[in-house]
There are 2 protein chains.
Amino acid sequence: MNKMHKEHNLTKNQKIIFDLIDKSPQPLKAYSILYNVQKKGIKAPLQVYRALDKLVEIGKIHKIESRNAFIACHNSSCQVAKATAFSICEICEKVTEISSTGLSKYLANFKDKDGMKYSKYNLEFFGLCKKCTLK
Amino acid sequence: MNKMHKEHNLTKNQKIIFDLIDKSPQPLKAYSILYNVQKKGIKAPLQVYRALDKLVEIGKIHKIESRNAFIACHNSSCQVAKATAFSICEICEKVTEISSTGLSKYLANFKDKDGMKYSKYNLEFFGLCKKCTLK
DNA sequence: TTTTTAGTTGTTATAATATAACACTATGTA
DNA sequence: TACATAGTGTTATATTATAACAACTAAAAA
């Protein structure tokens, strides 16, 4: 198996929740996830949050911090949730993961004025998506 | 009063809350703020959140999204809360606002692969601060 | 095989964060 | 004055997230 793409064998709950998020074109919130998986036997918030925590940890999903919502990672280069960038439309709330080599290199190499480098970052851009720009 | 050079004259509640955040070396959370200003007559969460919303809007403070906490802006160039960058220590939780001309220019001019530019961004770097690096 | 271990599960309860709705007040300005 | 805009005080409630504990499971070590 390719090291770069180590499979994390998801447990039942993790799989149910990942599949739901992965199918969704847009970020889902924890309690909306809960509502959607209750018929599959996941009844309590903690069951959802535990699966979310794990999925974030292994990089299968990302949290959109400014929205308290979760989106599947569609960027093969971020196997671990350490370097994330998103664009967020302030009207329709559409969220897109940005995968730009230039951006990720720039940020991974960024040093602050004390010369510190950082091991992780999260960047959220806000503006209007194409559709909303035209309205 | 002349609107052209309108200072944002803070109201009583806004001023109480801004002063508290401004004096704090580290970000404060809403309910910790509430606790600290109760002796000054601010008794309800909404009074705090309303002041916080306004202070964020006019750029006097910023919200650290990943921590649900608020910090005073010490970066004279961000008059409006539209371009923010922070470093966050994952051990001691120390937060520092980054003011790097290079970084802000790079991000302000960033275009995604559809050529879209964005009007605002928020960037949070995570790692260890100097003190915690030495431990 | 048995035992151990780390990780996950299911559950109840509760903490922490944030907003809705409504009546009222202050202030600037037409 | 009257109007518009923004802020206030209040109660209630919605939303997001974690604590604590007992039990289960799979994989690896003995």
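From a predicted model like this one, the values you see are computed outputs, not experimental measurements. Residue numbers start from 1 in every chain, and the chains themselves are labelled A, B, ... in the order their sequence lines are given, proteins ahead of strands.
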Chain B on DNA chain D: first and last contacting nucleotide, 5' to 3', under 4.0 Å to a heavy atom? dG7(D) to dT11(D)
Using a strict heavy-atom distance below 4.0 Å, which residues from residues 22-43 of chain A are in contact with DNA chain C? K43(A)
In whole angstroms, how far is the P atom of dT19(C) from the CG atom of N68(B)?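 Nearest whole value for this atom pair: 10 Å.
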Atom-pair distance (NZ on K54(B); P on dA18(C)), nearest Å: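 Nearest whole value for this atom pair: 19 Å.
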Hey, does the side chain of S104(B) reach the backbone of S100(B) with a donor-acceptor pair shorter than 3.5 angstrom? yes
For a side chain to side chain contact (heavy atoms under 4.5 Å, CB included) check, start with the C-alpha distance between F110(A) and L103(B), then their side-chain angles and the critical distance, and finish with the verdict. CA-CA 8 Å; F110(A) 177 79; L103(B) 179 64; 3.7 Å; yes
For a side chain to side chain contact (heavy atoms under 4.5 Å, CB included) with F86(B), tell me which candidate from T96(B), I98(B), L123(B), I71(B) qualifies. I71(B)
I need the full list of salt bridge (Lys or Arg N to Asp or Glu O under 4.0 Å) pairs touching residues 31-52 of chain A, with sequence neighbours left out, sorted by first then second residue.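 As it turns out, there is no salt bridge (Lys or Arg N to Asp or Glu O under 4.0 Å) pair with a partner in residues 31-52 of chain A once direct neighbours are skipped.
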Hey, is the side chain of [X] poking within less than 4.0 Å of OP1 or OP2 on [N], counting only N and O atoms?
{"X": "Q47(A)", "N": "dT11(C)", "answer": "no"}
{"X": "K63(B)", "N": "dT17(C)", "answer": "no"}
{"X": "Y49(B)", "N": "dT19(C)", "answer": "no"}

Sequence neighbours excluded, the answer for side-chain contact (heavy atoms from CB on, under 4.5 Å) partners of D22(A) is F18(A), A72(A), H74(A)
Can you name the side-chain contact (heavy atoms from CB on, under 4.5 Å) partners of S66(B), sequence neighbours left out?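 For S66(B) the side-chain contact (heavy atoms from CB on, under 4.5 Å) partners, ignoring immediate neighbours, are E65(A), I64(B), I88(B), E124(B), F126(B).
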Identify, with sequence neighbours excluded, every residue that meets salt bridge (charged side-chain N to carboxylate O under 4.0 Å, His left out) alongside K130(B). none
NZ/NE/NH1/NH2 to OD/OE distance under 4.0 Å, K15(B) and D19(B): yes
Hey, does the side-chain of R50(A) have a donor or acceptor N/O within less than 3.5 Å of a partner on the base of dG7(C)? no
